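Treat the numbers as computed from the prediction; the structure is a model and nothing was measured. In what follows, residues are counted from 1 in the order of the sequence shown.
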Amino acid sequence: MDTSLPKIDQFLAALEAAVADGTLVRVALRMPFGADETLKSVDIKPATIRDALKLSFTFHHQTRDLTQNHPPAGAIGQLRRLIDKDFRQAFLFTTAFDLQYDAQGKAPRLKQTAATSKEAATLAHDRAKVRPIEAEGRPWLAALGVTGADGQVLKASGDKFRQINRYVEILGPLLKAIPEDRLRKVVDMGAGKGYLTFAVADYLKQTLHRPTEVVGVEFRPDLVEFCNTTAGETGTDNLSFAQGTIESFDSTGADALIALHACDTATDDAIAKGIAAGSELIVVAPCCHKQIRREMETSNAGNALDFVTRHGIFLERQAEMVTDAMRAMILEHFGYSTKVFEFISDVHTPKNVLIVATKTKRGKDAGALKKLLDAKEFFGIRKHYLEDAVGLKPELQP
């Protein structure tokens with residue numbers, strides 16, 4: 001190693017050499033300080049992809065992981081940028097030695113220690129992915145047109161299969177965290193053809209081994225009949241479907257309530273049903289956001305964001321954020337801990353926001369209601385539909 005080079009160049013040179021002689025195990029970037037506050041760490045390992053050596057970067061964000069694969073030459077440049085702008089520490093692990101780059105002090109430092117791993121990284125990349133819902137042995141997937149009779153995912157249904165598994169990856173740990181005696185019934189509002197409803201029922205029965213009842217609520221009678229027939233024919237005996245609207249459904253006993261892409265105020269009806277039932281878990285993925293946008297457009301209330309919202313596209317986006325933020329505040333008022341996050345990339349769909357509300361032991365939060373009133377006054381919103389749905393009658397202060 002040429003010790004006359006800057007420390008970062010020495011580190012990258014050691015990485016290049018490890019890639020070239022096959023001794024690389026992995027690289028880890030830690031202690032983030034960059035502009036992207038959601039980026040927590042990066043792990044890098046060698047992999048053979050389509051018969052070519054690549055360095056596979058896994059970016060660990062707060063709510064998701066992203067993977068990028070680069071040829072070694074491009075990977076070195078990418079790594080340099082990450083170390084310069086986003087991370088204070090970098091660790092190189094090889095079968096010959098470990099090397100730590102540390103930029104926390106006045107000047108960067110390098111520290112070489114004995115190798116912690118004696119085996120080089122496996123270059124296999126196309127390993128079988130472990131999914132919460134596997135394709136084989138699921139007759140309901142075939143009945144819904146996701147797989148063929150042989151249990152293989154149909155080419156045209158690959159995105160749907162990945163979407164089903166992504167939903168269950170998120171919902172699974174949330175459902176598992178609820179004690180068995182408090183998870184007797186899960187209700188899926190606006191179930192449609194039942195892709196997610198079947199998946200949740202499958203996960204509860206086959207993976208968690210819970211005797212939980214799952215009910216899908218759907219307005220269209222033909223879909224309800226189809227789904228009930230499919231559940232019976234495929235042996236999904238913990239699942240049934242009920243015909244009706246979200247607003248008219250009796251949610252009593254719903255320990256967990258989910259609603260994905262319920263349009264406009266139907267999302268609010270679903271949230272209200274969950275609150276009324278005292279559900280342990282409420283998970284909604286909102287669709288369109290028309291009600292609050294109309295409020296903002298017709299009130300003509302001026303505020304410091306006028307320079308943004310005078311453009312229609314920005315007003316639409318602002319209305320979406322305000323709608324969902326107010327939903328979160330109302331849930332918090334009723335004693336729920338809430339998180340709002342992106343659950344799939346907006347490359348696949350712009351309808352990618354998920355609101356997750358978990359019931360807590362604390363009582364109603366008056367502070368959340370005060371924040372709601374302040375937000376309504378700022379944006380000139382006379383009412384949020386969810387206020388009426390849950391029986392709130394807060395008035396704007398003069």
Worksheet item: Is a side-chain N or O of E233 found less than 3.5 angstrom from the main chain of T230, in a donor-acceptor match?
Response: no
Worksheet entry | Any side-chain heavy-atom pair of L257 and D188 under 4.5 Å | no
Discussion item. For the CZ atom on F219, are there more than 12 heavy atoms of other groups (residues, nucleotides or ligands in this structure) within a distance under 6.0 Å?
Written reply: no
Worksheet item: Among the clusters formed by ILVMFWY side chains lying less than 4.5 Å apart, do M321 and I355 turn up in the same one?
Response: no
Item to complete: Assess whether side chain to side chain donor-acceptor pair (under 3.5 Å) is satisfied between Q152 and E136, documenting all intermediate values.
Response: CA-CA 7 Å; Q152 298 300 305; E136 295 183 1; 3.2 Å; yes
Practice prompt. For the pair R166 and E169, find out whether any cationic side-chain nitrogen is under 4.0 Å from an anionic carboxylate oxygen.
Written response: yes
Item to complete: Nearest 0.5 Å please: distance from the CG atom of D202 over to the CD1 atom of I164.
Response: 10.0 Å
Worksheet item: Under a 4.0 Å N-O cut-off, is there an ion pair linking R30 with D43?
Response: yes
Discussion item. Could you check whether any side-chain N or O of H384 sits under 3.5 Å from a backbone N or O of L386, counting only pairs where one atom can act as donor and the other as acceptor?
Written reply: yes
Fill in: Within 6.0 angstrom of K185 NZ, more than 12 heavy atoms from elsewhere
yes
Fill in: Side chain to side chain, L372 and M326, heavy atoms closer than 4.5 Å
yes
Discussion item. Under 4.5 Å between side-chain heavy atoms, counting indirect links through other Ile/Leu/Val/Met/Phe/Trp/Tyr residues: same cluster for L92 and I76 or not?
Written reply: yes
Worksheet item: Do side-chain atoms of E218 reach the backbone of Q243 as a donor and acceptor pair under 3.5 angstrom?
Response: no
Worksheet item: Do the side chains of I170 and L354 get nearer than 4.5 Å, heavy atoms only?
Response: yes
Worksheet entry | Residue pair A28 / R26: nearest heavy atoms and the distance that separates them | CB-NH1, 3.7 Å
Worksheet item: Taking only residues two or more places apart in sequence or in another chain, which ones pass salt bridge (Lys or Arg N to Asp or Glu O under 4.0 Å) with E332?
Response: none
Item to complete: Quick one: do D365 and H333 satisfy side chain to side chain donor-acceptor pair (under 3.5 Å)? Show the steps, please.
Response: CA-CA 4 Å; D365 183 355; H333 168 69; over 6 Å; no
Item to complete: For a side-chain hydrogen bond (donor to acceptor under 3.5 Å, both in side chains) with T38, tell me which candidate from H61, R64, Q62 qualifies.
Response: H61
Item to complete: Return yes if some donor-acceptor pair links the side-chain N/O of T48 with the main-chain N/O of L53 below 3.5 Å, else return no.
Response: no
Discussion item. Quick test of your reading of the model: are R293 and E297 salt-bridged, counting only N-O distances below 4.0 Å?
Written reply: yes
Worksheet item: Where the side chain of T323 meets the backbone of A319, is there a donor-acceptor pair that is under 3.5 Å apart?
Response: yes
Worksheet item: Sequence neighbours excluded, which residues qualify as salt bridge (Lys or Arg N to Asp or Glu O under 4.0 Å) partners of K205?
Response: D237
Worksheet item: For D374, which of K376, K370, K371 qualifies under side-chain hydrogen bond (donor to acceptor under 3.5 Å, both in side chains)?
Response: K370
Worksheet item: Would you call Y385 and D269 a side-chain contact if the rule is heavy atoms closer than 4.5 Å?
Response: yes
Worksheet item: Is the side chain of T245 donor-acceptor paired with the backbone N or O of S248 at a distance under 3.5 Å, no angle test?
Response: yes
Worksheet item: Got a sec: does the NZ of K193 have more than 12 other heavy atoms crowding it under 6.0 Å?
Response: yes
Worksheet item: Is it true that K383 and E295 make a salt bridge, defined as a side-chain N closer than 4.0 Å to a carboxylate O?
Response: no
Discussion item. In this structure, is the centre-to-centre distance between the rings of F241 and F198 below 6.0 Å?
Written reply: yes
Discussion item. Does F314 have more than 12 heavy atoms from other residues, nucleotides or ligands lying within 6.0 Å of its CZ?
Written reply: no
Worksheet item: Taking S240 for the side chain and V215 for the main chain, is one N or O donor matched with an acceptor at less than 3.5 Å?
Response: no
Worksheet entry | Interatomic spacing from CD in E16 to CG in L24 - rounded to 0.5 Å | 12.0 Å
Practice prompt. Determine whether L66 and L39 fall in the same hydrophobic cluster, where Ile, Leu, Val, Met, Phe, Trp and Tyr are linked whenever their side-chain heavy atoms lie under 4.5 Å apart.
Written response: yes
Item to complete: Any chance you could measure R362, atom CZ, to Y336, atom OH, to the nearest 0.5 Å?
Response: 11.5 Å
Worksheet item: Does a donor on one side chain and an acceptor on the other come within less than 3.5 Å for T338 and R327?
Response: no
Response to the item:
So NE2 of H209 and OH of Y203: to nearest 0.5 Å the spacing works out to 10.0 Å
Practice prompt. Could you tell me whether D84 and R81 make a salt bridge, using a distance below 4.0 angstrom between a side-chain N and a carboxylate O?
Written response: no
Fill in: Side-chain donor or acceptor of S337 paired with backbone N/O of A357 under 3.5 Å
no
Item to complete: Can you see which heavy atom on A135 is nearest to which on V153, and at what distance?
Response: CB-CG2, 3.8 Å
Worksheet item: Where do N69 and S56 land on the side chain to side chain donor-acceptor pair (under 3.5 Å) test, with the steps shown first?
Response: CA-CA 4 Å; N69 301 309; S56 182; 2.8 Å; yes
Worksheet item: Less than 4.5 Å apart, any side-chain heavy atom of F97 and any of T94?
Response: yes
Practice prompt. May I ask you to decide whether D102 forms a salt bridge with R88, counting only side-chain N to carboxylate O separations under 4.0 Å?
Written response: no
Worksheet, complete the sentence: Closest non-hydrogen contact found for N165 with P132 is OD1-CD, 3.2 Å
Worksheet entry | Donor on one side chain, acceptor on other, D98 and T116, under 3.5 Å | yes
Worksheet item: Cluster question for you: counting only ILVMFWY and a side-chain heavy-atom cut-off of under 4.5 Å, with indirect links fine, are L174 and L260 together?
Response: yes
Give the table of side-chain donor-acceptor pairs shorter than 3.5 Å for residues 272-289, with sequence neighbours excluded, one pair per line with atom names and distance.
| residue | atom | partner | partner atom | Å |
| --- | --- | --- | --- | --- |
| K273 | NZ | E247 | O | 2.9 |
| K273 | NZ | F249 | O | 2.8 |
| S279 | OG | A254 | O | 2.6 |
| S279 | OG | G274 | O | 3.3 |
| E280 | OE2 | R182 | NE | 3.2 |
| H289 | ND1 | C287 | O | 2.8 |
| H289 | NE2 | D324 | OD1 | 3.3 |
| H289 | NE2 | D324 | OD2 | 3.1 |

Worksheet item: Which pair of heavy atoms, one from F87 and one from S41, lies closest together, and at what distance?
Response: CE2-CA, 3.7 Å
Worksheet item: Distance from Q68 atom CD to L55 atom CG, nearest 0.5 Å?
Response: 12.0 Å
Worksheet item: Do D9 and R80 sit within salt-bridge range, that is, some charged N less than 4.0 Å from a carboxylate O?
Response: yes
Worksheet item: Side chains of V146 and Y195: closer than 4.5 Å at any heavy-atom pair?
Response: yes
Worksheet item: Between F379 and I292, is any pair of side-chain heavy atoms under 4.5 Å apart?
Response: no
Worksheet item: Hey, does the side chain of E213 reach the backbone of N238 with a donor-acceptor pair shorter than 3.5 angstrom?
Response: no
Worksheet item: Quick check: are there more than 12 heavy atoms from other residues, nucleotides or ligands sitting under 6.0 Å from CD of E225?
Response: no
Worksheet entry | Student check: side-chain heavy atoms of V42 and V27 closer than 4.5 Å | no
Worksheet item: Between R138 and T234, is a side chain to side chain donor-acceptor pair (under 3.5 Å) present by the stated rule, with each step listed?
Response: CA-CA 8 Å; R138 261 72 180 191; T234 59; over 6 Å; no
Worksheet item: Is the count of non-hydrogen atoms from other residues, nucleotides or ligands lying under 6.0 Å from Q104 atom CD greater than 12?
Response: yes
Discussion item. Assigning hydrophobic clusters by single linkage (Ile, Leu, Val, Met, Phe, Trp, Tyr; side-chain heavy-atom cutoff under 4.5 Å), is I271 placed with V340?
Written reply: yes
Fill in: Whether K54 side chain and P71 backbone form a donor-acceptor pair below 3.5 Å
no
